[in-house]
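To start, the structure itself, in structure tokens.
Because only heavy atoms are used, hydrogens play no part in the values below, and waters and symmetry mates are left out as well, while side chains stay in. Chain identifiers are assigned alphabetically (A, B, ...) following the order of the sequence lines, protein sequences preceding nucleic acid strands; residue numbering begins at 1 within each chain.
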2 protein chains.
Amino acid sequence: MPMKWISVLLLLQLSGHFSPGSCGKVLVWPTEYSHWINMKTILDALVQRGHEVTVLTSSASILVDPNKPSAIQFEIFPTSVTKDDFEDILMRLTSKWTYMPKYTFWTYFSKIQDNIREYFDCFQKLCKDAVLNKKLMRKLQESRFDVVLADPSGPCGELLAELLKIPFVYSLRASAGYTIEKYSGGLPFPPSYVPIVLSEFRDHMTFMERVKNMMYVLYFDFWFQTFSEKWDQLCSEALGRPTTLFELMRKADIWFIRTYWDFQFPRPLLPHFQFVGGLHCKPAKPLPKEMEDFVQSSGENGIVVFSLGSMVTNMTEERANVIASALAQVPQKVIWRYDGKKPDTLGPNTRLYKWIPQNDLLGHSKAKAFITHGGANGIYEAIYHGIPMVGLPMFADQPDNIAHMKTKGAAVRLDFNTISSTDLLNALKTVINDPSYKENAMKLSRIHHDQPMKPLDRAVFWIEFVMRHKGAKHLRPASYDLTWFQYHSLDVIGFLLACVATATFVITKCCLFCYQKFAKPGKKKKRE
Amino acid sequence: MPMKWISVLLLLQLSGHFSPGSCGKVLVWPTEYSHWINMKTILDALVQRGHEVTVLTSSASILVDPNKPSAIQFEIFPTSVTKDDFEDILMRLTSKWTYMPKYTFWTYFSKIQDNIREYFDCFQKLCKDAVLNKKLMRKLQESRFDVVLADPSGPCGELLAELLKIPFVYSLRASAGYTIEKYSGGLPFPPSYVPIVLSEFRDHMTFMERVKNMMYVLYFDFWFQTFSEKWDQLCSEALGRPTTLFELMRKADIWFIRTYWDFQFPRPLLPHFQFVGGLHCKPAKPLPKEMEDFVQSSGENGIVVFSLGSMVTNMTEERANVIASALAQVPQKVIWRYDGKKPDTLGPNTRLYKWIPQNDLLGHSKAKAFITHGGANGIYEAIYHGIPMVGLPMFADQPDNIAHMKTKGAAVRLDFNTISSTDLLNALKTVINDPSYKENAMKLSRIHHDQPMKPLDRAVFWIEFVMRHKGAKHLRPASYDLTWFQYHSLDVIGFLLACVATATFVITKCCLFCYQKFAKPGKKKKRE
């Protein structure tokens with residue numbers, strides 16, 4: 001056998017993929033923006049390994065562009081929701097969160113929960129248009145898929161899997177208050193050292209932080225219970241039997257959580273939870289000629305990369321000017337992804353781009369710092385390449401992501417709405433000139449790169465495992481079959497306490513009886 | 001670059017070992033019998049990867065044979081314990097457990113706990129003779145080890161690591177009542193679905209089983225607290241500052257648990273717990289000529305492999321005869337590891353051997369069933385090769401191991417002391433002739449073989465990781481820095497309840513005050 005084939009076979013065996021030749025059919029229920037970017041990385045890898053990948057998406061879909069040539073197939077179903085409506089809802093959701101002065105947790109969450117409901121209602125409409133579309137469902141049935149890959153932040157994947165009677169795999173960054181992971185995934189969540197998403201706490205909390213964390217947990221628990229009613233109706237209607245969304249979600253065979261211990265604080269997990277953060281990261285590719293020239297012109301000082309992500313492309317003129325004037329004062333060259341009007345204070349060292357090859361820039365040898373909104377994808381690219389960060393978090397998990405990086409000493413956090421030019425300038429100087437930030441970023445990078453298996457390979461392995469074995473039932477914890485009071489052993493504790501109480505009562509009664517009968521001879525005698 | 005080197009580099013990268021050339025120094029604090037067999041597999045792999053492995057062992061050591069040629073180095077220190085004493089203690093520990101009629105959990109455990117104490121006292125003497133031996137400790141200091149590998153079922157490794165100021169890694173099957181993992185490792189242990197070791201429960205328990213499981217947990221919790229005092233004294237004396245054994249144990253960077261989800265029921269874990277069960281398993285090698293001939297003579301019927309492990313080599317004549325007469329009635333050929341007097345009822349189809357190549361026999365195409373005492377190593381060999389089992393558990397975790405296999409449908413459990421020939425015969429017929437047993441054993445085998453990375457590679461990876469990064473601090477949960485009432489949020493719950501009580505009290509008082517002041521005008525008027 002030629003050396004080439006031996007090495008290929010060894011590679012396949014070592015990377016855990018020992019089913020070459022057997023290809024599966026994957027059905028995908030995607031969500032939008034950065035979630036889709038992350039999911040697409042997995043899909044590309046699956047396609048490359050010879051699997052047939054079909055993305056089920058509505059005619060309102062935004063980033064899922066079926067016209068772009070791709071090996072991924074798209075199954076588009078008609079929906080009454082228009083693309084503009086859908087985009088509007090997503091934008092409203094983020095703009096409510098964005099550009100707000102720093103509210104407290106309660107104000108913050110109460111202000112956005114209507115938008116969250118609106119988002120989920122829209123997703124439900126899309127889901128309904130899919131699962132109640134008989135022609136579509138027949139086609140999907142006939143396609144004989146092996147597995148559904150879905151993001152629980154946009155439900156429907158679990159319902160599709162149940163209708164098609166196939167296993168499914170989830171991919172999730174984190175749900176509000178970790179409620180989905182907790183209630184549907186059964187993930188243990190000790191509030192004493194696992195800070196809730198949106199809290200911005202560290203794993204080492206003060207007493208008052210632990211009190212707040214507990215209150216947030218209770219709030220989300222309550223909020224989540226009131227939230228799923230409409231979904232339960234849809235699921236029951238589609239399946240023709242009474243069921244709940246959580247009951248279906250609970251059947252997920254594998255959960256991919258898009259963080260790892262370079263980012264996440266260590267916390268309890270379950271065997272079917274795979275922490276695959278940064279699976280989309282890859283080595284940098286060469287930059288376009290014009291950009292490379294600009295980067296090279298920075299000399300020893302290097303460059304600063306600045307992006308607020310794919311959902312925030314412009315800002316008020318005032319904010320843009322404050323930022324631009326700070327950037328003008330650093331000796332580095334700055335590459336800024338910005339789609340708005342050119343700020344008046346823009347320095348000659350700063351160039352604006354409508355889109356930037358962010359990963360290639362962060363992986364460039366001249367990259368010194370990354371100004372980021374704190375999206376998980378961007379943070380992971382910075383971790384991958386070991387670049388310290390200045391965080392300007394906007395919404396969702398972003399403040400929390402930046403808080404994690406700050407705790408690990410790899411980022412400075414600023415408030416986008418209130419910073420002055422000096423604040424931004426000082427923060428940039430700090431992360432570039434204080435060597436501890438670079439060291440800590442490099443430490444995270446080393447942790448990220450030094451895993452038994454690359455996160456993307458791990459994700460692909462487990463999807464293939466689920467296809468090979470028609471699920472991963474051996475990883476399903478028995479806690480799924482317990483009620484909440486059984487899970488917490490409250491019935492057992494109650495029973496044991498009742499036993500102790502009964503025993504105490506009986507013994508006391510016996511003692512009293514014996515005392516009265518035998519230990520008071522005086523009394524008896526007197527009577528006689 | 002020639003193809004050969006490219007593939008070697010790729011292999012190294014894919015298997016996660018990307019530090020070729022950099023070799024470390026590993027110090028090992030071993031325990032005896034099957035624990036040592038398991039540990040040695042890891043040591044051999046480390047030696048093969050170019051690391052320097054030194055086993056620190058006393059002159060009383062049994063299975064660690066420094067005279068046998070080996071690439072592993074042995075550092076032997078003198079101890080007042082004699083080899084015979086040590087062997088006696090270990091044998092007493094097992095013989096108390098063995099050949100007893102099936103006691104209840106409480107009788108069982110109360111009978112052996114004195115022996116357990118005796119065992120730990122002996123280990124403490126060995127530990128004392130090592131850590132207070134100044135010459136030895138100086139030599140170890142000068143050797144500049146990178147990591148200590150230890151089994152917490154025989155403490156001292158953590159103390160050595162603390163004295164040498166190096167990280168350490170644990171390898172453990174399971175401690176009594178999971179107390180070590182829980183108190184030192186911080187592993188969550190919900191008694192509602194994680195059955196305690198020695199209970200023989202499944203993960204799906206009835207109400208009364210959950211009550212019992214909870215009581216066992218409470219018992220072990222109490223037992224463990226009273227157990228460590230002597231060790232705390234030794235640790236404090238050796239380190240010259242007050243400390244406890246658990247405090248030192250808690251510093252373990254990685255915990256290898258010698259089970260996996262083919263064997264273990266799914267349960268919560270922590271990121272620094274690696275379930276590496278069956279790491280010693282390997283494909284079968286050819287049998288010795290005489291044995292192969294005997295095996296081949298079985299024809300279509302195949303063979304039954306029978307061993308009660310390395311600690312139980314003989315039994316009473318009566319038991320031997322009962323077993324032999326059952327074996328004589330099966331159409332299979334039987335290979336029995338047995339060191340006692342040849343039973344009178346021994347059939348011509350059964351051959352006795354003082355030692356058998358168990359793994360090679362179980363991996364033989366003719367293997368049909370395995371009669372086993374239920375040691376974790378043997379069970380894993382049966383899982384690896386997909387062989388159904390008849391369990392005759394003896395002591396320690398064995399009844400529990402067999403209970404796991406029984407739950408998974410791959411074994412029948414019998415009681416060694418009370419079985420008749422018919423019981424054993426029926427059990428053997430069942431596991432051989434009922435296809436579900438073979439199917440279930442094969443299912444476990446498939447799960448075992450279909451992991452992202454082989455368990456031994458994973459163990460080696462994490463030991464090397466700890467050497468490369470001088471620990472694995474990024475995996476250390478913050479719960480380690482909480483007291484037990486903080487961990488369970490009892491202080492927070494108390495505070496919140498106090499707040500609610502105070503608020504209720506104040507509001508009630510205010511309402512009463514207002515009512516008396518304003519809402520009772522009649523009264524006021526009357527008075528006027």
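- A distance of 8.5 Å separates OG in Ser192(B) from CD in Gln486(A), rounded to the nearest 0.5 Å.
- Residue contact with chain A, scored on non-hydrogen atoms closer than 4.5 Å, involves the backbone of Arg267(B) exclusively.
- Leu475(B) touches chain A through backbone and side chain together, each having a heavy atom under 4.5 Å away.
- Inter-residue side-chain proximity for Pro268(A) and Leu269(B) is flagged as unmet; no heavy-atom pair is nearer than 4.5 Å.
- For the pair Tyr193(A) and Leu270(B), the tightest heavy-atom approach, listed with the atom from each and the gap, is OH-CD2, 3.8 Å.
- Phe465(A) has its side chain out of reach of Pro452(B): every pair of non-hydrogen atoms, C-beta onward, lies at least 4.5 Å apart.
- In plain terms, the two heavy atoms of Met214(A) and Ile493(B) that are nearest each other are CE-CG1, 3.8 Å.
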Residues His474(B), Asp262(A); criterion side chain to side chain donor-acceptor pair (under 3.5 Å); working and verdict: CA-CA 7 Å; His474(B) 70 294; Asp262(A) 44 9; over 6 Å; no
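- Within a 6.0 Å sphere centred on CZ of Phe222(B), other residues, nucleotides and ligands contribute 12 heavy atoms or fewer.
- Between Met208(B) atom CE and Phe495(A) atom CZ the span is 4.5 Å, to the nearest 0.5 Å.
- Counting non-hydrogen atoms of other residues, nucleotides and ligands closer than 6.0 Å to NZ of Lys473(B) gives a total above 12.
- Of all the listed residues (Ser479(B), Pro477(B), Ala472(B)), the one sharing the greatest number of non-hydrogen pairs under 4.5 Å with chain A is Ser479(B).
- For the pair Phe461(A) and Asp450(B), the tightest heavy-atom approach, listed with the atom from each and the gap, is CZ-O, 3.3 Å.
- Atom CG in Asp457(B) sits 11.5 Å away from atom CE in Met453(A) (nearest 0.5 Å).
- Contact record, Ser489(A) with Pro191(B): OG-CG, 4.1 Å, taken as the closest heavy-atom pair.
- Proximity to chain A involves both the backbone and the side chain of Asp491(B), based on heavy atoms less than 4.5 angstrom apart.
- If you measure heavy-atom distances from Pro188(B) to chain A, the contacts under 4.5 Å come from the side chain alone.
- Within a 6.0 Å radius of CE in Met215(B), no more than 12 heavy atoms belonging to other residues, nucleotides or ligands are found.
- The parts of Asp203(B) that come within reach of chain A are both its backbone and its side chain, each placing non-hydrogen atoms under 4.5 angstrom from that chain.
- Taking both residues in full, the closest heavy atoms of Val211(B) and Val492(A) are given as CA-CG1, 3.8 Å, listed atom of the first, atom of the second, then distance.
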